[in-house]
Amino acid sequence: MLHMLPKLPYAYDALEPFIDEKTMEIHHGKHHQAYVDKLNKALEKYPKLQNKSGEELLRNLDLIPEDIRTAVRNHGGGHVNHSFFWQILKKDVEPSGEILKAINKKFKGFDVFKEEFSNKAIGLFGSGWCWLVLNNGELEIITTSNQDNPISQGKIPVLGVDLWEHSFYLKYQNRKNEYLEAFFNVINWQQVEKNY
Ligand code: MN
């Protein structure tokens, strides 16, 4: 069973002007596709692993044969991270419900959370992701390098933002703070609440 590039639940231009059409087209059609292809390639030698979901593979990387472990970590991570990311993007959804309550409680208000999350994201050196995760039932903001996913550390991703330059450079160049501001305008809080 091959891993497949998931269809986007919206058009490439649906997140304009916050995330531009061209970036979405390349990000989904080229970058994500490449992670999928390279994951499938890595699994060619191991038919038994081909039946596992990307999440299952990442949850216990120690069980992955050593010769493909790095490839699964990087490309499996790339596939899972991006599949997750597309789902949590949507315009015009306000934070509400249980997730808003939990954020307010944990971070002393939504604005404090937004600032902490953005600062952590902007402060990440190199390529990676910033996440809101559940760690033993507690909300926590963490960053991961490259395509590492929090589930490899036993944490549950609730919200995440791609901080690889390919996700913002066409429109924002070095202005990562503007990208983060834009990201906060396209968070699908209904999906985030589901994840929570
Ligand atoms: Mn990306």
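Here the structure is a predicted model, which is why all the values come from computation and not from measurement. We count ligands from 1, going down the list as the structure has it; atoms in each ligand are counted the same way. Any value given below was found using the heavy atoms of this structure, including those in side chains, with hydrogens, waters and symmetry copies removed.
The closest side-chain donor-acceptor pair between N81 and Q147 falls under 3.5 angstrom.
For the pair NE2 of H27 and OD2 of D162, the angle at the Mn ion (ligand 1) is about 90°; rounding is to 10 degrees.
Closest to the Mn ion (ligand 1) among the N, O or S atoms of H82 is NE2.
The distance from the Mn ion (ligand 1) to the nearest N/O/S atom of H166 is under 2.8 Å.
One finds a salt bridge joining E44 and K41 here, because a Lys/Arg side-chain nitrogen approaches an Asp/Glu carboxylate oxygen to under 4.0 Å.
A cation-pi arrangement is absent between K176 and F168, since the terminal nitrogen or guanidinium carbon is not both under 6.0 Å from the aromatic centre and inside a 45° cone about the axis.
Here the CZ atom belonging to F107 is positioned 5.5 Å from the CG atom belonging to L139, to the nearest 0.5 angstrom.
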